[in-house]
Amino acid sequence: MTRVIPRSTEPQTAVCVSDPSAAAIVHDAAVDMGANPVHISPIRLAKVPLTGSDFTTIIYDLAPWTDDVVPLVRALRHAYRTVPLLLYAPPTPTISTLLEHCGDRDGLKVMLQSTRRDEIRGVRENIAWLLAARHAELVCYLVELLITDLPSRPRDYIRETLACLIDLEKRRLSSVRSVSAELRVPKRTIQRDFESAGLPSPKAIMDWITLMFLALAADSSGRPIASVANDFGAAGYQVRRLRNRLLHINRRSVRAAQSFDLVFLAFAEACRVPSTIARNVIARAG
């Protein structure tokens, strides 16, 4: 069964890095980014699911560097559906083959270790991606629980919308045109897929997914949603307009409208899903 980390949990990062120097870099970078690094051994990491832990992100160097790590990475992604994984691997002779077999999965990012002066900055950036990706993974998971028969193309569309927000270089609000181009699917085809599935328009879904992601990030950090939006390439006024339009709110209800639960319930209503189902989904996620 997929394990979902409660949103209220302090962001603990499981660090499984064998080289002491690399482990120290990861530790310092995680602390700098507001995460709580917890160092574990490859033996403990291999005991999937990890008992007695509330990890929200995992950093793993693939040690020992054998073919056995491929099913382990797949097992981690299966057991921890909403926990993103950074493969921070050393440039050993066999590592490229292992990364090729491990790397093409949702919620996973690859960074090779190096001795560059800016190494710790690169690790910080990737940890920032991890912390954002955990919100994206949870949004995707909740949407799939809410809409159990979600077709594959709308699912890919939702994922790509979120990927643009958390990408280290492309963080920005997407457009239907840019996402369809990334997916290499004509815009009209995407529109027909959404219509056939009885979903709101691709643009409306994009707006809802963006607002849910930002509301979740705001809930987790305790910051205003407009402030969080700036971290992901969106101006505060854009998000305020988006929130006001989707939730039909006025100034008196602005504070309550930051809540992820409220946004998720409103999204369910827009998708014609009963509120009882939506509340059960929220309860299941903790």
Side-chain angles (χ1 to χ4, degrees), residues 2-3 11-30 33 35 37-50 55-137 140-141 155-156 159-160 162-171 182-184:
T2 298
R3 185 170 182 276
Q12 287 195 137
T13 298
V15 178
C16 184
V17 178
S18 56
D19 179 79
S21 298
I25 288 175
V26 169
H27 182 97
D28 292 344
M33 299 307 297
V38 178
H39 296 265
I40 64 176
S41 67
I43 294 176
R44 184 182 173 195
L45 187 67
K47 294 179 179 179
V48 179
L50 292 163
F55 296 125
T56 52
T57 56
I58 298 175
I59 300 176
Y60 177 34
D61 67 352
L62 293 179
W65 305 294
T66 68
D67 291 340
D68 292 340
V69 304
V70 177
L72 173 57
V73 169
R74 291 174 179 171
L76 287 169
R77 292 302 301 131
H78 177 74
Y80 296 93
R81 168 66 174 78
T82 63
V83 178
L85 176 63
L86 172 64
L87 300 181
Y88 182 51
T92 62
T94 61
I95 211 69
S96 59
T97 301
L98 295 179
L99 290 174
E100 182 180 349
H101 292 141
C102 294
D104 189 21
R105 305 187 74 82
D106 293 326
L108 187 149
K109 193 172 181 63
V110 171
M111 178 181 181
L112 289 178
Q113 298 173 18
S114 77
T115 57
R116 297 175 304 182
R117 291 184 178 179
D118 62 347
E119 181 74 357
I120 192 168
R121 180 171 62 85
V123 174
R124 285 196 199 103
E125 291 176 348
N126 279 283
I127 291 176
W129 177 88
L130 281 174
L131 296 175
R134 69 191 178 102
H135 301 316
E137 290 299 313
C140 287
Y141 181 68
R155 182 183 294 111
D156 292 342
R159 280 200 161 275
E160 186 58 37
L162 289 164
C164 290
L165 277 171
I166 67 175
D167 187 279
L168 295 173
E169 297 179 353
K170 299 180 181 178
R171 284 182 176 176
E182 288 290 339
L183 296 176
R184 298 181 181 180

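This is a predicted model, so every value here is computed, not measured.
Between the side chain of Gln113 and the backbone N or O of Tyr88 there is at least one donor-acceptor pair closer than 3.5 Å. Panel note: side chain Thr56, backbone Gln12; a donor-acceptor pair is recorded below 3.5 Å.
Closest of all the heavy-atom pairs between Pro42 and Ala63 is CB-O, 3.7 Å. Considering all non-hydrogen atoms of both residues, Pro90 and Trp65 come closest at CG-CZ2, 3.4 Å. Summarising the geometry of Gly122 relative to Met111, their closest heavy-atom pair is C-CE, 3.7 Å, with the distance given to 0.1 Å. Heavy-atom minimum distance, Val17 versus Val26: CG2-CG2, 4.4 Å. Residues Ser96 and Pro93 approach most closely at OG-O, 4.3 Å, considering heavy atoms. What you find for Arg134 and Leu131 is that their closest heavy atoms are CG-O, 3.0 Å.
Side chains of Leu62 and Val73 form a contact here, defined as non-hydrogen atoms less than 4.5 Å apart. When side chains are defined from C-beta on, Thr13 counts as touching Ile59, because their heavy atoms get closer than 4.5 Å. In this structure the side chain of Val15 never reaches within 4.5 angstrom of the side chain of His27, judged on heavy atoms. Considering only heavy atoms from C-beta on, Arg81 comes within 4.5 Å of Cys140 through its side chain.
One finds the CD atom of Glu160 at 9.0 Å from the CG atom of Asp167 (value rounded to the nearest 0.5 Å). Once rounded to the nearest 0.5 Å, the distance linking CD1 of Ile127 with NZ of Lys109 reads 12.5 Å. Going from atom CZ of Arg121 over to atom CD1 of Ile25 covers 13.0 Å, rounded to the nearest 0.5 Å. Expressed to the nearest 0.5 Å, how far CG of Asp67 lies from CG of Leu72 amounts to 12.5 Å. To the nearest 0.5 Å, atom CG of residue Leu76 and atom SG of residue Cys102 are 10.0 Å apart. Note that the CG atom of Leu99 and the CG atom of Leu112 stand 6.0 Å from one another [nearest 0.5 Å].
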Problem set entry | Intermediate values then yes/no, side-chain contact (heavy atoms from CB on, under 4.5 Å), Leu108 and Val110 | CA-CA 7 Å; Leu108 187 149; Val110 171; 4.0 Å; yes

Exercise. Stepwise, does the side-chain contact (heavy atoms from CB on, under 4.5 Å) test hold for Leu45 with Ile58?
Worked result: CA-CA 10 Å; Leu45 187 67; Ile58 298 175; 4.2 Å; yes

For this session: List the steps, then state whether side-chain contact (heavy atoms from CB on, under 4.5 Å) holds for Leu98 with Leu87.
Result: CA-CA 11 Å; Leu98 295 179; Leu87 300 181; over 6 Å; no

For this session: Apply side-chain contact (heavy atoms from CB on, under 4.5 Å) to Thr97 and His101, showing your working.
Result: CA-CA 7 Å; Thr97 301; His101 292 141; 3.7 Å; yes

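Atom CG of Asp118 has more than 12 heavy atoms from other residues, nucleotides or ligands within 6.0 Å.
Between Arg77 and Glu137, at least one side-chain nitrogen of the basic residue sits less than 4.0 Å from a carboxylate oxygen of the acidic one, meeting the salt-bridge criterion. Taking the charged nitrogens against the carboxylate oxygens, Arg116 and Glu119 do have a contact shorter than 4.0 Å, which makes a salt bridge.
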